[in-house]
Amino acid sequence: MNKIQNPELFMTTAGGKIRCRRCVGFSQRTQKQCNHPALKTSSKSSKQARCKWHGGASTGPLSEKGIEAIKKANTKHGNFTKDAVEKTSQQDAMFRYLVDIGNYINMFTHKLKTRGRASKYYHPLDLSDPEQLVKAVLATLGKDR
């Protein structure tokens with residue numbers, strides 16, 4: 001979807017000597033159209049009328065095999081795969097429950113606070129309620145036990 005209401009399709013460059021298609025990409029910060037010339041392509045669609053910075057050079061992999069090849073080529077260490085992010089999120093929730101329990105039983109000299117956004121697995125519990133205290137303790141044991 002083109003977010004520019006009336007994109008200018010052509011521009012002149014080189015001191016008015018060259019008339020070429022203009023990139024239809026836009027700045028999200030200023031909401032203005034890109035000032036670079038679009039790359040030359042065989043297709044005349046507005047999707048292809050992009051400069052090299054706004055995606056005119058490649059359409060990206062289209063087949064499943066190509067997508068898998070790109071994933072494999074761009075995976076350097078695996079710390080940000082979906083499985084790794086999910087595991088980290090579960091560990092973060094477990095750590096937050098441990099901190100909550102430690103604060104509740106006055107285990108620390110002062111109340112500890114965790115930094116950053118809580119994971120989707122963490123739900124604040126009222127630890128004065130015995131049932132919710134048991135939930136917090138069970139959440140600290142993890143799924144693999």
Side-chain angles (χ1 to χ4, degrees), residues 1-13 19-145:
M1 183 175 130
N2 195 353
K3 295 184 180 182
I4 303 171
Q5 294 298 326
N6 296 313
E8 293 180 33
L9 298 179
F10 294 95
M11 65 183 289
T12 56
T13 184
R19 185 173 183 262
C20 59
R21 287 189 305 147
R22 184 175 177 179
C23 175
V24 294
F26 77 104
S27 169
Q28 291 185 351
R29 182 173 54 85
T30 63
Q31 299 297 315
K32 292 184 179 177
Q33 187 175 355
C34 177
N35 284 325
H36 293 97
L39 293 175
K40 290 183 180 180
T41 61
S42 59
S43 173
K44 299 292 183 189
S45 70
S46 64
K47 209 174 211 181
Q48 297 294 326
R50 306 269 181 185
C51 66
K52 62 182 176 181
W53 294 281
H54 288 113
S58 172
T59 60
L62 300 177
S63 66
E64 287 295 322
K65 185 178 178 184
I67 291 171
E68 288 301 320
I70 294 295
K71 282 182 186 177
K72 186 176 180 183
N74 288 332
T75 302
K76 294 178 182 161
H77 44 64
N79 291 346
F80 297 101
T81 60
K82 287 183 181 179
D83 294 335
V85 170
E86 191 78 12
K87 183 178 178 185
T88 304
S89 183
Q90 290 172 353
Q91 290 173 344
D92 177 60
M94 183 171 61
F95 178 73
R96 284 178 184 265
Y97 284 125
L98 282 171
V99 169
D100 287 350
I101 292 169
N103 285 337
Y104 178 70
I105 63 173
N106 296 322
M107 184 176 177
F108 312 113
T109 56
H110 60 280
K111 297 278 185 194
L112 294 183
K113 291 183 186 178
T114 52
R115 297 177 63 190
R117 183 187 308 164
S119 74
K120 64 181 179 181
Y121 296 104
Y122 176 77
H123 304 289
L125 299 173
D126 178 21
L127 299 182
S128 60
D129 180 16
E131 288 182 16
Q132 292 193 11
L133 180 62
V134 170
K135 284 183 185 178
V137 170
L138 291 176
T140 61
L141 296 177
K143 301 269 184 201
D144 53 336
R145 293 189 182 184

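Numbers here are sequence positions counted from 1. Any value given below was found using the heavy atoms of this structure, including those in side chains, with hydrogens, waters and symmetry copies removed. Quick caveat: nothing in here was measured; it's all calculated off a predicted structure.
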Intermediate values then yes/no, side chain to side chain contact (heavy atoms under 4.5 Å, CB included), Val137 and Gln132: CA-CA 9 Å; Val137 170; Gln132 292 193 11; over 6 Å; no
Cationic N near anionic O, under 4.0 Å, Arg96 to Asp100: no
At their closest point, which heavy atom of Leu125 faces which heavy atom of Lys135, and how far apart are they? CD1-CB, 4.1 Å
Side chain to side chain contact (heavy atoms under 4.5 Å, CB included) between Arg22 and Asn35, intermediate numbers included: CA-CA 7 Å; Arg22 184 175 177 179; Asn35 284 325; 2.6 Å; yes
Determine whether more than 12 heavy atoms belonging to other residues, nucleotides or ligands lie under 6.0 Å from atom CZ of Phe80. no
Would you say NZ of Lys113 has more than 12 non-hydrogen atoms from neighbouring residues, nucleotides or ligands within 6.0 angstrom? no
Atom of Cys51, atom of His36 and distance for their closest heavy-atom approach: CB-CB, 3.8 Å
Got a second to check how far Thr114's OG1 is from Tyr97's OH, nearest 0.5 Å? 11.5 Å
Checking Gln31 side chain against Phe26 main chain: does a donor-acceptor pair fall under 3.5 Å? no
With a 4.0 Å cut-off, would you call Glu68 and Lys65 a salt bridge? no
Compare all side-chain heavy atoms of Asp92 with those of Thr88 and state whether any distance is below 4.5 angstrom. no
Minimum side-chain heavy-atom gap Leu112-His110 below 4.5 Å: yes
Please evaluate residues Arg21 and Phe10 with respect to the criterion side chain to side chain contact (heavy atoms under 4.5 Å, CB included), reporting the C-alpha separation (whole Å), side-chain torsions for both, the decisive distance (0.1 Å), and the verdict. CA-CA 4 Å; Arg21 287 189 305 147; Phe10 294 95; 3.6 Å; yes
Of all the heavy-atom pairs spanning Pro61 and Ile67, show the shortest one and how long it is. CB-N, 3.7 Å
